[in-house]
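Data first, discussion second: the structure below is written as structure tokens.
First the proteins, then the strands, lettered A, B, ... as listed; each starts at 1.
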Protein chains: 2
Amino acid sequence: MVEGEPGLRVVHQLRAITVELDLLGAEFAQRNGLHPTDVRALICLLDAARADTLATPGWLGRQLGLNSAGTTALVDRLERLGHVRRTRDSRDRRRVLLEVDDQAVALGQSFFGPLITEVVAATRAFSGTELATVERFLQNVREAVAEQRDPSA
Amino acid sequence: MVEGEPGLRVVHQLRAITVELDLLGAEFAQRNGLHPTDVRALICLLDAARADTLATPGWLGRQLGLNSAGTTALVDRLERLGHVRRTRDSRDRRRVLLEVDDQAVALGQSFFGPLITEVVAATRAFSGTELATVERFLQNVREAVAEQRDPSA
DNA sequence: CATAGTATCTCGCTCGGCGAGATACTTGCT
DNA sequence: AGCAAGTATCTCGCCGAGCGAGATACTATG
């Protein structure tokens with residue numbers, strides 16, 4: 001718990017935050033009649049939409065580590081709930097494009113909105129340079145974790 | 001992606017890290033023949049052991065948001081794999097105490113070890129005061145998330 | 001135009017997790 | 001003491017997310 005090495009403490013904190021965020025996500029999921037995976041899928045889809053990356057079932061499945069069968073089931077659920085629409089790609093007619101509904105965007109807002117407010121409020125206690133440091137650090141961590149997952153970086 | 005408000009960027013990063021860590025955990029789980037929940041359970045149990053909190057199925061289930069049936073099944077799995085032992089509490093003989101096996105500790109090490117090494121390496125680029133800032137910030141975030149989950153803080 | 005390659009979907013199955021209720025023990029009331 | 005109420009854990013039956021294997025529809029290449 002009270003280790004000397006600062007790196008350990010930070011890892012500990014990140015892990016704790018991850019667990020907390022997971023549980024928050026699970027809670028939110030249940031309240032809205034969906035599963036943790038569905039929430040993660042919505043996050044991915046919203047990110048894709050924001051980055052103007054066009055999303056397909058295959059891409060989504062790859063993001064979430066699902067196989068094709070699971071992905072189809074996932075998209076079925078999301079479509080049934082009206083969060084996503086399927087449209088055939090006219091260029092490559094094997095592909096299906098996933099369009100996120102405004103409803104899903106609103107849902108995302110309702111999930112992250114309060115949390116963002118909280119965290120932004122928490123940032124009030126930090127100077128611009130301090131926040132820049134935090135950002136830089138988180139970026140490093142993100143890369144470290146990504147490298148752990150796929151040791152080809 | 002390129003928002004102006006630093007708080008938003010940080011939230012974004014934290015979310016991305018959470019997703020990455022989740023996927024890392026899922027990968028690790030599968031490689032070791034267990035489920036994401038099992039990994040989270042082991043984390044909780046190791047934390048408890050480190051903090052000298054004595055763990056029971058009920059406590060564990062509460063940590064993970066499982067009901068009693070699911071918790072029993074979880075502990076069954078962990079026990080079958082030899083990560084955990086059940087012992088009756090002699091004071092209150094309704095209770096079962098969960099003892100983590102050294103094997104599970106080693107497993108935890110093998111999971112977090114490389115990641116910790118990576119992150120600690122990443123901290124090399126930061127001064128002591130900078131790390132302190134990061135730590136303080138993460139602490140705030142952790143509290144913010146916890147408050148989101150249980151608005152009674 | 002056949003053959004290989006790719007994107008998605010269907011089918012049958014496994015197993016994690018839930019709700020309801022059983023069981024064993026403790027605690028409080030009288 | 002003795003009985004009701006409360007609590008910790010487990011059992012049973014079921015639902016449904018995700019997997020493996022294979023079907024289907026389309027594209028690309030010789």
inquiry  = Taking side chain to side chain donor-acceptor pair (under 3.5 Å) as the definition, give me every residue that meets it alongside E118(A), ordered by chain and number, with sequence neighbours left out.
reply    = none
query = Are D89(A) and R91(A) within salt-bridge range, i.e. N to O under 4.0 Å?
reply = no
task = For DNA chain D, find the residues of residues 81-90 of chain B with a heavy-atom distance under 4.0 Å and give them by number; none if there aren't any.
result = R86(B)
inquiry  = At under 4.0 Å between heavy atoms, how does the protein contact nucleotides 12-18 of chain C? Give one character per nucleotide, 5' to 3', with B, S or -.
reply    = ----SSB
ask   = dA17(D) P sits how many Å from L64(A) CG, rounded?
value = 14 Å
key: Short side-chain to backbone donor-acceptor contact, T53(A) and A49(A), under 3.5 Å   = no
query = Rounded to whole angstrom units, what separation is found between the CG atom of L98(A) and the C1' atom of dC9(C)?
reply = 13 Å
inquiry  = Closer than 4.0 angstrom, basic N to acidic O: yes or no for R85(A) and E79(A)?
reply    = no
When you compare the protein's N or O atoms with those of nucleotides 1-6 of chain D, which come within less than 3.5 Å of each other, and at what distance?
{"residue": "dG6(D)", "atom": "N2", "partner": "R94(B)", "partner atom": "NH1", "Å": "2.9"}

Rounded to 10 degrees, the angle between the two terminal axes of the helix from dC1(C)-dG30(D) to dT30(C)-dA1(D), each from five pairs = 10°
query = Considering residues at least two apart in sequence or located in another chain, which fulfil the side-chain contact (heavy atoms from CB on, under 4.5 Å) criterion with A104(A)?
reply = L42(A), H83(A), V100(A)
ask   = Looking at R9(A) and E135(B), does any basic side-chain N land under 4.0 Å from a carboxylate oxygen?
value = yes
key: Side-chain N,O (T56(A)) to OP1/OP2 (dA7(C)) below 4.0 Å   = no
